[in-house]
Protein chains: 2
Amino acid sequence: METRKTVSIKDVARTANVSLATVSRVINNSENVKPEMRELVQNTIRELGYSPNHAARSLVKRKTNCIGVVVNNLHDPFFYDLIKGFEHGAQQTKYNVIFCSVLGGDADSKENYVKYLTNGVVDGVVLYGSYLNDRKVLDYLKESNHVDYVMIENDVRECSCNKLLIDNYGGSKKAVEHLMQRGHKKIAHICGNPNKKVTQERMNGYLDCIRDAGLEIKEGYIQYTSTDYCSGYDKMKMLISLDNRPSAVFCSDDAIASFAVRAVMDSGLRVPEDVSIIGFDNQRILPDGYRGPLITSVEQPLYQIGQDSIHILAEQLEYPEEAKLIRHVYETKLIEKETVGYCGGI
Amino acid sequence: METRKTVSIKDVARTANVSLATVSRVINNSENVKPEMRELVQNTIRELGYSPNHAARSLVKRKTNCIGVVVNNLHDPFFYDLIKGFEHGAQQTKYNVIFCSVLGGDADSKENYVKYLTNGVVDGVVLYGSYLNDRKVLDYLKESNHVDYVMIENDVRECSCNKLLIDNYGGSKKAVEHLMQRGHKKIAHICGNPNKKVTQERMNGYLDCIRDAGLEIKEGYIQYTSTDYCSGYDKMKMLISLDNRPSAVFCSDDAIASFAVRAVMDSGLRVPEDVSIIGFDNQRILPDGYRGPLITSVEQPLYQIGQDSIHILAEQLEYPEEAKLIRHVYETKLIEKETVGYCGGI
DNA sequence: CTGAAAGCGCTTACAG
DNA sequence: CTGAAAGCGCTTACAG
């Protein structure tokens, strides 16, 4: 490759025969510059193809005008609405938004990205996810008071920061109540990654709802998936093979639910006639192998949350004096589709 | 919010009663530091909760150890495999990878992000996309020789940079030939966004293939979708309503194809018995409303391309002397699924 | 092995 | 309106 040589503000100043300060002023649209000066400088900037160095500028201004977003597994179609929210939020502010993705639930990698971002590359970060082993990251963030951040889905008490939360507990109650209203009494649960707080919350909603109704959770009615969504398939097969087969299954998320539906269909049973299934997320994008009915689900306003998170950060960065920590719990909404039917059985 | 105060290398040096240079040396794992010094410094770093400022460091080292990825509409499920490739590629190098998303085909926004990235925030950038109006961005990139980059899907001749290309022309020939092998003679085409090079290439493959076979492209057989995938639905309806209805349709991508299949089914016709449909991308994630058969498609190795792009950049940044510009055209592969049948008609 | 000093590319009081 | 100078937080020859 050719030799690297960047043109700096010095080159512009020398060529235009003005001081560094003057060049800086025209770059920053400062008022106090004589028109002819301004034009002269602008011309040489153009000639030389100069662009200001972002790192240098943010070093002295202590401001990067950027916001960083850190998530696990950016490729996951789950993020469709959330990313859209971030994108539109970004478009509506002057902040550049950059995304970092951490594979799996790798806490070290997450910490690495957060440290990187928070030390001179962004002014604020939004952190999505509720992996329980992200604790180290949060401890770090707690200490570093020079950066604003908002946490989505994570409600660590000791952390005083902006929190956007989702009423997973209530949402999962809505799901189970919906099943009960349709006459279901034998309701099982396939839950997600046990290392996430959401999983616990949704589980708790299920448990409490069942107990409050005086129903029984039969042997084998609670199935844990491993980290892979696909294992929802096997877990559903387990449930089907039970002597006391459930008439309805609440799945911790729609990815799991979609595999559960497949398992039912592959077993020669029908959804919802033989088994009702309800999910969580109202994820409207699924693997193309899915041929089942549309999944009844609990929706969380991810687009809104993504957009809000950027707006909140932008606002607080702009007006730090007026900034108040925000803690908001978003409500969920049951979306009836095609996978829940009335219980014909006992 | 509290007052912001970052702890800098100076604070560490003062507290530990050593020079800046020494602190710098232990941060950078330089060998020439006495063990007791090193420990002393490491302790005070821990006590003070110090992390080096990335902007300052990269300013002096002229190296950021980061790679930036710029795409349009990161939320699009199309990117599933590509993002996975980027993520795994990143994991395999020491480079941090950050993603920037440009909404729609907004060239200004893309230029903004590219300028931002290339001026002190990353060492290299990978640019995905073939929007024709990205020209300005490419012109800019051409001038700035202080950054390595790889372009995916864009083959601007004047641009001497790494190029990872896909044989869209050949792939689309494969698609149309497959249809002809199944006896189809009345083959229509629904093409994508006309502002992308891929659209042109796939169109050309279609045209040449049809002509080489001595077939005729009937009135109305070529339909342009607007920027929205959904318009594939309406365009397919158009094709169905034609007096001389085509027996097969080649769609520029699977997103369009999925809407085309829906249109056929909603018209009371069957896929592939009445109309065969073939797509491009082998996108395995679709909107949940899709109930049709699995879409026969032309696959491009997006995961591989994503991973390769990061590797190539990392390699060139590491060993600039040995760096040679890479230009690679990836082959496509026909994936037979369920939407192409034998032509029963004339 | 350690430190003083120069410098990376900018911005911003301060003086004129 | 313009410029000289200090400084943002680091690293790295250079001297010792």
Side-chain angles (χ1 to χ4, degrees), chain A residues 4-42 44-45 48-65 115-116 118-123 144 146-147, chain B residues 4-42 44-45 48-65 115-116 118-123 144 146-147:
Chain A
R4 274 102 217 292
K5 225 190 67 189
T6 32
V7 14
S8 82
I9 197 173
K10 275 188 195 168
D11 301 310
V12 178
R14 198 182 317 115
T15 313
N17 219 356
V18 297
S19 73
L20 295 178
T22 302
V23 179
S24 177
R25 285 191 192 100
V26 349
I27 295 168
N28 294 289
N29 289 313
S30 163
E31 297 174 343
N32 304 325
V33 183
K34 236 198 280 184
E36 36 258 285
M37 271 273 103
R38 179 183 303 284
E39 197 167 350
L40 169 63
V41 173
Q42 276 165 344
T44 60
I45 284 177
L48 269 46
Y50 166 73
S51 302
N53 180 296
H54 192 267
R57 177 180 278 178
S58 58
L59 181 59
V60 14
K61 298 191 88 158
R62 306 164 148 289
K63 190 98 172 63
T64 65
N65 286 314
K115 276 199 173 169
Y116 155 66
T118 52
N119 284 291
V121 358
V122 303
D123 299 324
S144 65
H146 59 290
V147 77
Chain B
R4 275 103 215 293
K5 225 188 69 189
T6 32
V7 14
S8 83
I9 196 173
K10 276 188 194 167
D11 301 310
V12 178
R14 200 183 316 114
T15 313
N17 220 356
V18 297
S19 74
L20 294 179
T22 302
V23 179
S24 177
R25 284 190 192 102
V26 348
I27 295 169
N28 293 289
N29 288 314
S30 164
E31 297 174 345
N32 305 324
V33 184
K34 234 197 283 186
E36 39 264 335
M37 271 274 103
R38 178 182 305 282
E39 197 167 351
L40 169 63
V41 173
Q42 274 166 344
T44 59
I45 284 178
L48 270 48
Y50 167 73
S51 301
N53 181 295
H54 191 267
R57 176 181 278 179
S58 58
L59 181 59
V60 13
K61 298 191 88 157
R62 304 163 149 291
K63 190 94 174 65
T64 64
N65 287 313
K115 278 200 173 168
Y116 155 65
T118 52
N119 284 291
V121 358
V122 302
D123 298 324
S144 66
H146 58 290
V147 77

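Here is the naming used below: chain letters follow the sequence lines, and residue numbers restart at 1 for every chain.
Note that CG of A:L20 is 7.5 Å distant from NZ of A:K10, once rounded to the nearest 0.5 Å. With values rounded to the nearest 0.5 angstrom, A:R38 atom CZ is found 6.5 Å from A:N29 atom CG. Atom OG1 of B:T6 sits about 11.5 Å away from atom CG of B:L48, to the nearest 0.5 Å. Rounding to the nearest 0.5 angstrom, the gap separating the CE atom in B:M37 from the OG atom in B:S19 is 8.5 Å. Remark: B:I9 CD1 to B:Y50 OH distance equals 4.5 Å, nearest 0.5 Å.
When rounded to the nearest whole Å, the span between CG of B:N53 and P of D:dC8 equals 12 Å. With rounding to whole Å, A:L59 atom CG is found 18 Å from D:dA6 atom P. Separating the CZ atom of B:R57 from the P atom of D:dC8 is a distance of 18 Å, rounded to the nearest angstrom. Computed from coordinates, the A:H54 NE2 to C:dC10 P distance equals 12 Å when rounded to whole Å. The nearest whole Å value for the distance from the CG atom in A:N119 to the P atom in D:dC8 is 17 Å.
Proximity of a side-chain donor or acceptor of A:N17 to a complementary backbone N or O of A:R14 within less than 3.5 Å is not detected. Between the side chain of B:T64 and the backbone N or O of B:S58, no donor-acceptor pair lies under 3.5 Å.
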Can you tabulate the close N/O pairs, meaning under 3.5 Å, that link protein atoms to atoms of nucleotides 12-16 of chain C?
unit_1 : atom_1 : unit_2 : atom_2 : d
C:dA13 : N6     : A:R25  : NH2    : 3.4

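In terms of the side chain to side chain donor-acceptor pair (under 3.5 Å) criterion, B:N53 has no residue partners (sequence neighbours excluded). In this view, B:Y116 and A:H54 satisfy the ring-ring contact (aromatic ring centres under 6.0 Å, His included) rule, not counting sequence neighbours.
Residues from residues 9-17 of chain B placing a heavy atom under 4.0 Å of any atom in DNA chain D, listed by number, are B:I9, B:K10. Shown for residues 30-41 of chain A: no residue has heavy atoms falling under 4.0 angstrom of DNA chain C.
Taking both residues in full, the closest heavy atoms of A:D123 and A:N65 are given as OD2-N, 2.6 Å, listed atom of the first, atom of the second, then distance. Residues A:T44 and A:A16 share a closest heavy-atom pair of OG1-CB, 3.7 Å.
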Q.
Pair B:R57, B:N28 - check side chain to side chain contact (heavy atoms under 4.5 Å, CB included), show working.
A. CA-CA 11 Å; B:R57 176 181 278 179; B:N28 293 289; 3.7 Å; yes
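Applying the 4.0 Å criterion to OP1 and OP2 of D:dG3, one finds that A:T22 has a side-chain N or O inside that range.
Test B:V33, B:V18, B:I27 against B:V41 for side chain to side chain contact (heavy atoms under 4.5 Å, CB included) and you get one pass: B:V18.
Looking at the side chain of A:S19, the nearest of the listed nucleotides D:dG9, C:dC10, D:dA4 is D:dA4.
Stem regions annotated for DNA chain C: C:1-3 with D:14-16, C:5-12 with D:5-12, C:14-16 with D:1-3, counting only runs of 3 or more consecutive pairs of Watson-Crick or G-U type with both contacts under 3.5 Å.
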